[in-house]
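Below you'll find the structure, written out as structure tokens, and then a few comments.
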Amino acid sequence: MAAPETNQRTTGQRPGQAPGQRIGQPAARPQAGRPARVLVTDLDGTLLGGDRAERRRLHDTLARHPEVTVVFATGRGLSSIREALREPLVPRPRWIIADVGASVIDGTDQTPLAALQRRMRRGWPGADRVRAALRRFPALIYQHGVAQDGRCSFHLRPDQLTHELTDAVLALGCNWLYSADRYFDVLPPAASKGGALAALAAEQNWPMDAVLVAGDSLNDLSLYGLGAHGVIVGNAEPALRAAVPADRAAHRPDRPGAAGILAALHDLGWVERDYPLVVGYHRPPVHLTSGGWRPPASPNGILPTLRSLFTANPQAIWATAAVVEPHARPAHLDGHDTGLPLSFVPLSPAEWAAYFHRACKETLWPVLMSQPQRLRFDPETWTGYREVNARFADHIAERAAPGATVWLHDYNLWLVPGLLRPVRPDLRIGLFHHTPFPAPEIFAALPTAAEIRTSLSRLDWAGFQTEAFAEQFRQALAGVPGVPRIGVHPLGIDREAITSAARASAAARTRRPGGGLAGGSLVLSVERLDYAKAPVEKVQAIAALLARRPELRGRLRFRLVCPPPEPGITSYDVTRQVLERRIAEVNETWGNGSWQPVEYLPKSLSFTEVIDHYLDADVFWVTSLQDGMNLTAKEFIAAQRAVGLSGVLVLSRNAGAAAQLGTAALLTDPHSPEDLADTLHRALTLGPGERHQRLERLADLLGDHHPADWAAEITAAIRGDDSPAASWVKEDSQAMAVGER
């Protein structure tokens with residue numbers, strides 16, 4: 001006998017019945033501000049389909065979107081479902097439609113929804129009677145060992161599916177369903193996945209436009225005729241694709257199983273997307289105040305670099321901290337209006353203080369600056385540092401696509417690699433150190449050095465501004481298994497933007513004649529307030545010069561542009577107090593009514609204002625005790641060269657920029673008061689020819705390496721590529737506002 005027509009052989013089940021008695025189970029409550037959504041999904045081949053990384057992505061996404069209620073709609077019986085639920089990556093269902101629609105179960109306590117289940121099984125003659133009646137069909141092979149309740153399931157070859165067999169099932173008052181070219185299910189006349197879902201949706205008041213159904217085989221077909229959103233996953237039976245009209249399952253992703261479900265959830269906008277590039281940097285390019293979002297007063301060099309990265313790469317996201325009061329609603333974080341894909345890790349002021357003010361700035365920063373005598377360690381605040389790093393690791397794990405590149409920044413996230421690697425072994429994780437890395441004996445002064453070493457060893461790649469810092473990292477991790485690949489990538493500046501700004505500034509004003517002592521000399525420093533920049537030592541050196549060199553009195557001006565640090569960092573508060581007291585003493589000792597030797601500007605300046613100061617200066621003075629790079633030195637060179645000036649750069653030997661610029665700058669030792677004064681005096685007395693030659697040489701050494709290209713090179717290095725795999729848009733940088741650089 002010929003097989004039934006295709007539309008009959010795919011399913012003999014009837015559409016869902018009208019709702020009856022209320023179930024009495026409460027619907028899942030959505031989060032405030034988020035509409036309720038319902039994902040109804042088959043298990044085998046669908047929710048359980050795809051590789052483990054894809055299933056983890058879906059699991060983690062649903063975990064952070066509790067407003068999406070999960071309903072299983074499966075051919076499995078309850079005991080088999082319980083086995084599946086032992087797997088940690090299987091989401092917990094609120095309800096379960098099992099046995100191809102014959103069983104309806106509360107997922108919370110795994111008890112049947114009695115009234116609804118009775119309706120689904122109405123007319124069922126029982127398994128014994130079904131098996132007895134179908135015994136005359138030897139091609140039917142009963143699925144022994146498969147838990148079945150309210151149905152009978154058989155194996156059957158496609159060529160054995162005949163009208164005689166299906167008529168025998170209908171004569172029993174039952175329905176039938178054939179799927180995957182092997183499974184033949186005999187069901188109660190009212191039972192189907194779609195019928196059970198329709199009844200459950202009516203009981204829970206779910207509108208069908210709030211439901212997404214997902215399947216991969218013909219036993220899921222009845223789910224697609226109810227008006228819900230539909231997704232047919234990439235590994236689905238061709239027969240299911242053919243049987244479901246396009247308007248009933250508009251989502252037909254190429255990706256299999258869990259990845260296909262997640263693609264549909266993304267397309268619907270029900271969940272956040274995951275990203276192939278995740279950047280972790282603790283500071284955002286804006287900060288939340290009582291009056292709303294504001295740009296930071298002192299952005300550092302990495303912020304505009306990341307801006308250009310995200311402008312060029314819409315497939316990236318920036319995980320960053322937001323300090324919010326505990327009672328503030330998360331929705332407040334959505335109004336930053338930067339155009340950047342910021343994903344916030346909310347921290348309370350107390351959490352931020354423990355993490356940043358104490359652990360970062362009082363424990364780690366002194367060691368990075370090779371000032372271990374300043375180290376203050378408190379186990380409680382280190383616990384806060386661990387907790388914030390764990391929050392970042394969780395946040396990144398949830399948003400990173402399979403095999404994604406994760407680019408972490410600086411010591412603030414040193415523990416993230418060790419926390420992230422075990423849960424996301426598929427990721428490529430890199431960390432760039434904008435700061436110095438200390439000598440191994442200084443690093444060992446940290447009470448938590450072993451913990452940090454272990455975490456850093458889980459990186460794929462670690463980057464540094466100089467080879468010297470990279471070598472000290474190698475030595476610090478010596479003996480730790482799995483030392484990461486290491487790269488040296490000094491950060492540059494947007495020279496084109498500075499050149500343009502400098503020429504505009506020069507055209508708008510008349511500058512005093514520059515160079516030499518004849519017209520008086522301006523020494524300039526532009527730096528955030530930090531003991532590591534040696535601001536007090538500079539003022540002391542000015543006092544020493546004025547005492548030893550009477551000819552400088554009335555003619556030497558030292559302008560210190562020094563924006564205040566974030567409030568609450570004790571060591572910086574002390575530095576500010578000492579600095580301001582010493583400035584007052586020097587000005588009182590040496591100043592007169594028309595001249596003050598030290599001009600102190602404790603405020604943030606705009607990009608344009610900083611350029612103006614660069615053009616005013618005869619000497620730019622960098623005296624960092626330690627410095628990862630120091631971009632202000634590079635900005636000074638570019639600005640002066642753009643308008644034909646010949647200022648002198650005095651540069652700390654301990655700044656990363658010295659490795660690049662040291663052959664043309666005048667190098668100074670900030671730990672030597674005598675050298676600070678002598679080198680500054682030499683800069684003030686250089687002849688015009690040497691000044692010009694040095695600046696020309698500095699401009700050549702500076703090069704034109706754009707920060708956007710730098711970012712592309714680093715992401716490629718983390719991935720292990722030989723060359724950048726993406727093109728990057730260069731945009732005018734606003735990096736040059738004063739701040740942490």
Side-chain angles (χ1 to χ4, degrees), residues 60 63-64 278 280-284 287-288 319-328 330 333 343-369 371-399 406 408-424 427 429 431 433-435 437-438 442-459 462 473 476-477 480 530 565-574 740:
D60 291 348
R64 68 176 186 266
V278 182
Y281 185 51
H282 69 291
R283 283 201 180 277
H287 65 278
L288 185 61
T320 188
V323 182
V324 295
E325 294 294 339
H327 61 274
L333 300 179
S343 185
F344 290 106
V345 178
L347 302 176
S348 71
E351 289 171 328
W352 178 257
Y355 161 70
F356 185 73
H357 295 171
R358 301 293 176 260
C360 289
K361 287 301 182 182
E362 294 188 356
T363 300
L364 299 178
W365 187 250
V367 170
L368 292 167
M369 296 300 107
Q371 298 281 300
Q373 71 277 8
R374 295 179 180 266
L375 187 156
R376 300 291 181 270
F377 180 77
D378 175 18
E380 185 174 343
T381 58
W382 188 254
T383 296
Y385 177 86
R386 281 197 194 106
E387 290 173 351
V388 170
N389 274 249
R391 298 260 288 278
F392 266 90
D394 290 343
H395 198 78
I396 292 168
E398 291 171 353
R399 287 155 181 79
V406 176
L408 305 173
H409 291 265
D410 257 343
Y411 67 102
N412 314 86
L413 300 178
W414 262 349
L415 298 185
V416 169
L419 296 165
L420 189 56
R421 178 65 69 196
V423 297
R424 291 297 306 271
L427 300 178
I429 307 172
L431 188 150
H433 292 82
H434 300 274
T435 65
F437 197 91
I442 295 177
F443 180 80
L446 282 168
T448 57
E451 179 182 4
I452 296 167
R453 282 193 195 98
T454 299
S455 178
L456 295 178
S457 72
R458 309 306 297 274
L459 290 165
F473 176 82
L477 265 65
V480 177
D530 186 332
E566 181 177 314
I569 303 174
T570 303
S571 59
Y572 290 177
D573 292 340
V574 172
E740 182 176 358

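Sequence positions, counted from 1, serve as the residue numbers for this chain.
Side chain of R424 to backbone of A397: a donor-acceptor contact under 3.5 angstrom is found. Judged purely by atom type and a 3.5 angstrom limit, Y355 uses its side chain to pair as donor or acceptor with the backbone of N412. Using a distance-only test at 3.5 Å, with no hydrogens or angles considered, a donor-acceptor pair links the side chain of R421 to the main chain of L427.
Two residues are said to be in side-chain contact when any heavy atoms from C-beta on lie closer than 4.5 Å; Y411 and H282 fail this criterion. Proximity of H357 to Y572: side-chain heavy atoms (C-beta onward) are nowhere separated by under 4.5 Å. Side-chain contact between Y385 and T381 is absent, with no heavy atoms from C-beta onward closer than 4.5 Å.
Atom CG in L431 sits 8.0 Å away from atom NE2 in H409 (nearest 0.5 Å). Atom CZ of residue R376 and atom OG of residue S571 lie 9.0 Å apart, to the nearest 0.5 angstrom. In this structure, the separation between CZ on F473 and CG on L459 is 6.0 Å, given to the nearest 0.5 Å. In this structure, OG1 on T435 lies 6.5 Å from CH2 on W365, to the nearest 0.5 angstrom. Here the OG1-CG distance, from T363 to L368, works out to 11.0 Å after rounding to the nearest 0.5 Å. In this structure, CZ in F392 is found 7.0 Å from CD1 in I396, a value given to the nearest 0.5 Å.
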Exercise. In sequence, state the C-alpha distance, the side-chain angles, and the governing distance for L446 and W382, and then conclude on side chain to side chain contact (heavy atoms under 4.5 Å, CB included).
Key: CA-CA 11 Å; L446 282 168; W382 188 254; over 6 Å; no
Practice problem: Starting from the C-alpha separation in whole Å, work towards a yes-or-no answer on side chain to side chain contact (heavy atoms under 4.5 Å, CB included) for T454 and V480. | Solution: CA-CA 7 Å; T454 299; V480 177; 5.5 Å; no
Self-check item: Criterion salt bridge (Lys or Arg N to Asp or Glu O under 4.0 Å) on R386 and E451, from CA distance to verdict
Solution: CA-CA 10 Å; R386 281 197 194 106; E451 179 182 4; 2.7 Å; yes
Quiz item: For V416 and V406, what are the C-alpha separation, side-chain angles and deciding distance, and is it a side chain to side chain contact (heavy atoms under 4.5 Å, CB included)?
Solution: CA-CA 11 Å; V416 169; V406 176; 5.9 Å; no
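For S343 and R399, the side-chain atoms include at least one donor-acceptor pair closer than 3.5 Å. There is a side-chain donor-acceptor pair under 3.5 Å between W414 and H433.
Taking each heavy atom of A476 and F443 in turn, the nearest pair found is CB-CD2, 4.1 Å. Smallest separation of non-hydrogen atoms from F344 and P284: CE2-CB, 4.1 Å. Across R458 and P422, no two heavy atoms sit closer than the pair NH1-CG, 4.4 Å. Nearest approach of I452 to L364, heavy atoms of both residues: CD1-CD2, 4.1 Å. Here the closest heavy-atom approach between residue A445 and residue P372 is recorded as CB-CB, 4.3 Å. When all heavy atoms of L420 and A393 are compared, the pair lying nearest together is CD1-O, 3.5 Å.
Under a cutoff of 6.0 Å and an axis angle of 45°, R283 and F356 form a cation-pi pair.
Residues E351 and R391 are paired through a salt bridge, judged by an N-O separation under 4.0 Å between the basic side chain and the carboxylate.
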